[in-house]
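All heavy atoms count here, side chains included; hydrogens, waters and symmetry mates do not. Start at 1 with the first residue, then count along the sequence.
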Amino acid sequence: GRTVSGELRLTIPGRPPTPNNRFGNVFAEWSAMKRWRQTAWAIGMDVKNRSGWVAPARARITLVFQVPDHRPRDTDNLMASCKVLTDGLVDAGVLIGDRSDVLEWGAPRVEIVRGISATEYLIEIVEPAHPTLGLL
């Protein structure tokens with residue numbers, strides 16, 4: 001789809017564990033994932049409130065993984081680790097959902113930024129919010 005005017009960038013510092021780096025302790029894993037989801041929610045709420053962002057009816061997300069060094073990364077694992085972050089952004093109302101009918105995924109990128117580990121979300125409006133949403 002074509003991008004309509006508007007985009008939102010937000011950065012979530014750190015990185016949730018990838019499926020290959022999970023803890024083996026189900027409770028510790030659940031607790032950590034809950035914290036990551038809450039972190040993404042808090043950052044999403046802050047950015048949304050400061051910018052006046054309204055979740056579009058359809059969006060395209062491009063993930064930029066900021067990594068501290070030149071070690072090769074498994075992009076599939078990085079993408080999988082972001083599920084919990086995307087869920088937090090949905091909770092915050094930055095996105096209306098994460099299903100394929102409302103979300104497109106652009107090709108992820110890895111950028112080396114010395115001393116930094118973070119995930120940047122570039123959210124582009126493909127279809128703006130429907131003006132009657134919630135009023136029907």
Report the residues that fulfil side chain to side chain donor-acceptor pair (under 3.5 Å) with [X], sequence neighbours left out, ordered by chain and then residue number.
| X | result |
| --- | --- |
| Arg73 | Asp69 |
| Asp76 | none |
| Asp101 | Arg99 |
| Ser31 | Arg35 |

Taking every non-hydrogen atom, the tightest pair across Thr11 and Ala118 |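 Closest approach of Thr11 to Ala118: CG2-CB, 3.8 Å.
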Looking only at heavy atoms, the pair that brings Val54 and Ala129 closest together is CG1-CB, 3.7 Å
[X]: side-chain contact (heavy atoms from CB on, under 4.5 Å) partners, not counting sequence neighbours:
| X | value |
| --- | --- |
| Leu122 | Glu7, Arg9, Thr62, Glu124 |
| Arg114 | His70 |
| Arg15 | Phe65, Val67, Leu78, Ser81, Ser117, Thr119 |
| Ala42 | none |

Is [Y] close to [X] at the side-chain level, that is, under 4.5 Å between some pair of heavy atoms?
| X | Y | result |
| --- | --- | --- |
| Leu63 | Glu120 | no |
| Leu8 | Val94 | yes |
| Ile123 | Arg60 | no |
| Pro128 | Arg58 | no |

Apart from Trp41 itself, which Ile, Leu, Val, Met, Phe, Trp or Tyr residues share its cluster (side-chain heavy atoms under 4.5 Å, direct or through members)?
->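 Via sub-4.5 Å side-chain contacts, Trp41 links to Met45.
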If you link I, L, V, M, F, W and Y whenever their side-chain heavy atoms are under 4.5 Å apart, who else ends up in the same group as Ile116?
-> Val113
Are Val84 and Met79 linked, directly or through other ILVMFWY residues, by side chains that come within less than 4.5 angstrom of each other?
->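 Yes.
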For the atom pair CD1 (Ile96) and NE2 (His130), what is the distance rounded to the nearest 0.5 Å?
->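 Reported value, rounded in 0.5 Å steps: 6.5 Å.
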Lys48 side, atom NZ; Ile43 side, atom CD1 - distance, nearest 0.5 Å | 14.5 Å
Show me the side-chain donor-acceptor pairs of residues 86-93 shorter than 3.5 Å, one per line, residues at least two apart or across chains.
{"from": "Thr86", "atom 1": "OG1", "to": "Cys82", "atom 2": "O", "distance (Å)": "3.2"}
{"from": "Thr86", "atom 1": "OG1", "to": "Tyr121", "atom 2": "OH", "distance (Å)": "2.8"}
{"from": "Asp87", "atom 1": "OD1", "to": "Lys83", "atom 2": "NZ", "distance (Å)": "2.9"}
{"from": "Asp87", "atom 1": "OD2", "to": "Lys83", "atom 2": "NZ", "distance (Å)": "3.2"}
{"from": "Asp91", "atom 1": "OD1", "to": "Arg37", "atom 2": "NH2", "distance (Å)": "3.0"}
{"from": "Asp91", "atom 1": "OD2", "to": "Arg37", "atom 2": "NE", "distance (Å)": "2.6"}
{"from": "Asp91", "atom 1": "OD2", "to": "Arg37", "atom 2": "NH2", "distance (Å)": "3.3"}

